[in-house]
2 protein chains.
Amino acid sequence: MNVQSETADKRKAILESTLELIRQYGLQGTPISLIAKNANVAAGTIYHYFQNKEAIISELYQMIREEMLAAMFMEENEGSDFRAQFFRGWTNLCRYFISHPGSLIFIQQYNSTPDFKSIKKKTNKIPGDKFSEFFQSGMDTGYLKKMEYNLVASVVFGAIIATAKYHISGRFDYTDGDLCKIATIIWDGIKLQ
Amino acid sequence: MNVQSETADKRKAILESTLELIRQYGLQGTPISLIAKNANVAAGTIYHYFQNKEAIISELYQMIREEMLAAMFMEENEGSDFRAQFFRGWTNLCRYFISHPGSLIFIQQYNSTPDFKSIKKKTNKIPGDKFSEFFQSGMDTGYLKKMEYNLVASVVFGAIIATAKYHISGRFDYTDGDLCKIATIIWDGIKLQ
DNA sequence: TGTTTCCGATTGAACGTTCATTCGGGGCGC
DNA sequence: GCGCCCCGAATGAACGTTCAATCGGAAACA
């Protein structure tokens with residue numbers, strides 16, 4: 001096929017194939033054999049690139065977490081006011097999940113699969129802090145009601161997940177305008193009245 | 001043990017044991033053998049009461065859905081005004097999940113397990129309508145902003161799930177007062193300003 | 001009451017399948 | 001010919017499900 005090292009390609013193919021299959025069949029519904037077939041690779045080859053199935057899952061988890069952060073803080077946010085930053089951040093993350101359904105499904109399944117709970121702990125702390133700082137700054141500058149971070153988090157992140165899930169499942173269809181409306185609802189709930 | 005028919009007890013024990021094990025080990029992490037041991041029953045006995053594993057899961061799903069509805073519309077809501085009805089309904093459902101962690105975990109896993117998606121369709125319609133009517137009446141009587149149901153649903157239900165999940169996972173602790181504060185955030189977001 | 005018959009409830013070993021992982025070998029670049 | 005990449009059949013553990021055998025109490029009969 002290509003000139004460039006196929007080694008990297010195979011590894012990437014395995015990861016992509018795994019994510020795609022998990023989106024379709026779920027975490028426990030995608031055996032190694034299927035991953036191999038879908039990546040045009042023999043089952044044994046997978047064990048050349050990864051220690052075991054869990055290592056694939058783990059690497060996908062790390063990748064997706066980084067993508068999420070990158071998606072949320074995509075553009076320069078420094079210049080604009082707090083409300084605009086919030087809207088951009090919220091809709092960005094929501095759109096990320098909507099346009100990467102595999103990522104949402106993966107994260108949901110990963111989080112509700114007790115086997116993987118132990119590994120998670122390592123990388124848990126950083127994102128929470130970043131978000132919490134953002135909302136704290138909103139309170140300090142008088143944009144937001146004074147309230148604890150965990151209360152805001154429930155509403156803000158809960159709505160992101162729910163919206164993306166509804167959209168992906170086909171239960172509802174959300175246009176860009178709808179996302180803005182939802183962000184407005186949330187904003188009206190958290191802003192200093 | 002007891003005088004009363006042990007037949008009914010065994011059936012119930014199997015269901016309860018299954019729910020408890022799923023809470024601990026997840027849906028695919030609880031084999032029939034474990035369910036049997038935990039219910040003090042032989043593996044074969046389970047197949048006397050249920051056609052197969054899926055039938056147990058299915059029955060649990062129906063049970064929990066009914067419990068959810070009952071929890072949300074627990075008290076008489078007819079007399080009070082819309083705002084009070086909303087607060088009671090929201091906190092009731094949230095508290096239900098917090099005090100029945102197995103139910104939340106089960107529902108989450110069930111919804112994200114493609115194998116069971118097909119059976120779900122049968123009972124999907126009724127609850128959505130009930131909720132949608134409730135919010136529609138709020139808009140008609142001038143309590144809520146005019147907006148489509150699916151926009152409200154994302155925020156309201158998203159926050160319930162997220163709050164209960166945070167609480168159960170031990171990430172945050174929510175007191176009754178906290179639940180009220182979250183409900184207030186949401187109310188401020190959806191009410192007619 | 002004592003004995004026999006009968007039937008649903010219960011058991012757990014056995015079965016067939018599926019899965020993650022291993023292993024021995026084949027081909028290709030150096 | 002050595003090392004690396006890759007293959008796919010083989011392996012064994014785990015699982016859902018089946019089934020022939022047993023249990024225990026209720027009904028029938030004496």
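Lettering of chains follows the sequences in order, A, B, ..., and the numbering in each one begins at 1. None of these values were measured; they are calculated from a predicted model.
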What's the [atom1]-[atom2] distance between [X] and [N], to the nearest Å?
{"X": "A:F50", "N": "C:dT21", "atom1": "CZ", "atom2": "P", "result": "13 Å"}
{"X": "B:N52", "N": "C:dG16", "atom1": "CG", "atom2": "P", "result": "20 Å"}
{"X": "A:I46", "N": "C:dC23", "atom1": "CD1", "atom2": "P", "result": "17 Å"}
{"X": "B:R11", "N": "C:dA9", "atom1": "CZ", "atom2": "P", "result": "12 Å"}
{"X": "B:K37", "N": "C:dA13", "atom1": "NZ", "atom2": "C1'", "result": "16 Å"}
{"X": "A:I14", "N": "C:dT21", "atom1": "CD1", "atom2": "C1'", "result": "14 Å"}
{"X": "A:L34", "N": "C:dA20", "atom1": "CG", "atom2": "C1'", "result": "14 Å"}
{"X": "B:E54", "N": "D:dC15", "atom1": "CD", "atom2": "C1'", "result": "16 Å"}

Report yes if at least one side-chain N or O of [X] is closer than 4.0 Å to OP1 or OP2 of [N]; otherwise report no.
{"X": "B:Y49", "N": "C:dT10", "result": "yes"}
{"X": "B:H48", "N": "C:dT10", "result": "no"}
{"X": "B:T45", "N": "C:dA9", "result": "no"}
{"X": "B:K10", "N": "C:dT10", "result": "yes"}

Between [X] and [Y] (salt bridge meaning N to carboxylate O under 4.0 Å), is one present in this structure?
{"X": "B:E16", "Y": "B:R11", "value": "no"}
{"X": "A:K191", "Y": "B:D188", "value": "no"}
{"X": "B:E133", "Y": "B:K130", "value": "no"}

Nearest-neighbour nucleotide for the B:I32 side chain, D:dC6, D:dC15, D:dT17 considered =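 Nearest to the side chain of B:I32 among the choices is D:dT17.
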
Between D:dC7, C:dA20, D:dC6, spot the one nearest the side chain of A:Y47, thanks.
->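 Of the candidates, C:dA20 comes closest.
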
B:Q193 atom CD, over 12 foreign heavy atoms within 6.0 Å |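 Correct, the count exceeds 12.
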
Between the main-chain N or O of A:M147 and the side-chain N or O of B:K181, is there a donor-acceptor pair closer than 3.5 Å?
->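 Checking the backbone N and O of A:M147 against the side chain of B:K181, no donor-acceptor pair under 3.5 Å is found.
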
Closest-nucleotide ordering on DNA chain C, the 5'-leading residue of A:Q28 and A:G44 |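 Mapping each residue to its closest nucleotide by heavy atoms, the 5'-most match is A:Q28.
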
